[in-house]
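Just the heavy atoms: all of them, side chains too, but no hydrogens, waters or symmetry mates, feed the values below.
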Amino acid sequence: MTPAQLAKLHGAVFDWPRPWSEAEFASLLSQKGVILATSGLHSFAMGRIAAEEFEIFTIATHPNARRAGHARSCLNELEDKARFLGALDAFLEVAANNEPALGFYKALDYRRVGTRPRYYGLPNGARLDAQILSKSM
């Protein structure tokens, strides 16, 4: 997927936090250690490996393509790439109220290892915790 396609899909999935722009995707993809996995134009997962740690930045699946295994396929591919590059552990942050995402990650053996209190700013000015999840690779 191109940065423009990534931004279009991200925009179809996220309104909060705000979707990332084409320029932001292009910048990320140019950075050392950033890896991407895609499932056609339906889904993608992106993260960065640094030393033995792998941070998952974002996963997006078009609303019309959900519950078809695209996100799982992308995350599995991303994890395989990270393992190949030497990652021992994967980490991610997810909004504490995002039950579908929390269930998805739990099914893939991610476990809560911490909390970032008041991490996300909501449009109404309130703050929401982020759960930090991890998985041994």
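Side-chain atoms of His70 and Ser39 form a donor-acceptor pair, as typed in the model, at a separation below 3.5 Å. Between the side chains of Thr58 and His10, at least one donor N or O sits under 3.5 Å from an acceptor N or O.
Nearest heavy-atom pair, Ala60 versus Leu9, reported as atom, atom and distance to 0.1 Å: O-CD2, 4.0 Å. Between Ala130 and Tyr120, the shortest heavy-atom contact is CB-CE1, 3.5 Å. Ala37 approaches Cys74 most closely through the heavy-atom pair CB-O, 3.4 Å. Scanning all heavy atoms of the two residues, the minimum distance from Arg72 to Ala107 falls at NH2-CB, 4.2 Å. Here the closest heavy-atom approach between residue Glu22 and residue Ala7 is recorded as N-CB, 3.4 Å.
Residues passing the side chain to side chain contact (heavy atoms under 4.5 Å, CB included) test with Val113, sequence neighbours excluded: Ile132, Ser134. The side chain to side chain contact (heavy atoms under 4.5 Å, CB included) check on Ala26 picks up Pro3, with sequence neighbours excluded. By the side chain to side chain contact (heavy atoms under 4.5 Å, CB included) test, Glu24 pairs with Arg18, Trp20, Ser21, sequence neighbours left out. With sequence neighbours left out, Glu93 forms a side chain to side chain donor-acceptor pair (under 3.5 Å) with Arg116, Tyr119. Among residues two or more places apart in sequence or in another chain, the side chain to side chain contact (heavy atoms under 4.5 Å, CB included) test is passed with Gln31 by Ser27, Leu28, Val34, Arg48.
No chain of hydrophobic side-chain contacts below 4.5 Å, direct or via other Ile, Leu, Val, Met, Phe, Trp or Tyr residues, connects Trp16 to Val13.
The environment of CZ in Arg111 is crowded: more than 12 heavy-atom neighbours from other residues, nucleotides or ligands sit within 6.0 Å.
Annotation: side chain of Leu88 is not in contact with side chain of Glu53 (no heavy-atom distance under 4.5 Å). Considering only heavy atoms from C-beta on, Met46 comes within 4.5 Å of Leu29 through its side chain.
When ring centroids are compared, Phe25 and Phe44 come within the 6.0 Å threshold.
No donor-acceptor pair under 3.5 Å is formed between the side chain of Ser136 and the backbone N or O of Asp89. Checking side-chain atoms of Arg127 against main-chain N and O of Pro117 turns up no donor-acceptor pair under 3.5 Å.
Atom CZ in Arg67 sits 11.0 Å away from atom OG1 in Thr61 (nearest 0.5 Å).
Ionic pairing of Glu79 and Lys135 is present here: one or more N-O contacts between side-chain nitrogen and carboxylate oxygen are shorter than 4.0 angstrom.
Other residues sharing a hydrophobic cluster with Leu78 under the 4.5 Å side-chain heavy-atom criterion for ILVMFWY residues are Ile35, Ile49, Phe54, Ile56, Ile59, Leu75, Phe84, Leu85, Leu92, Val94, Leu102, Phe104, Tyr105, Leu108, Tyr110, Leu133.
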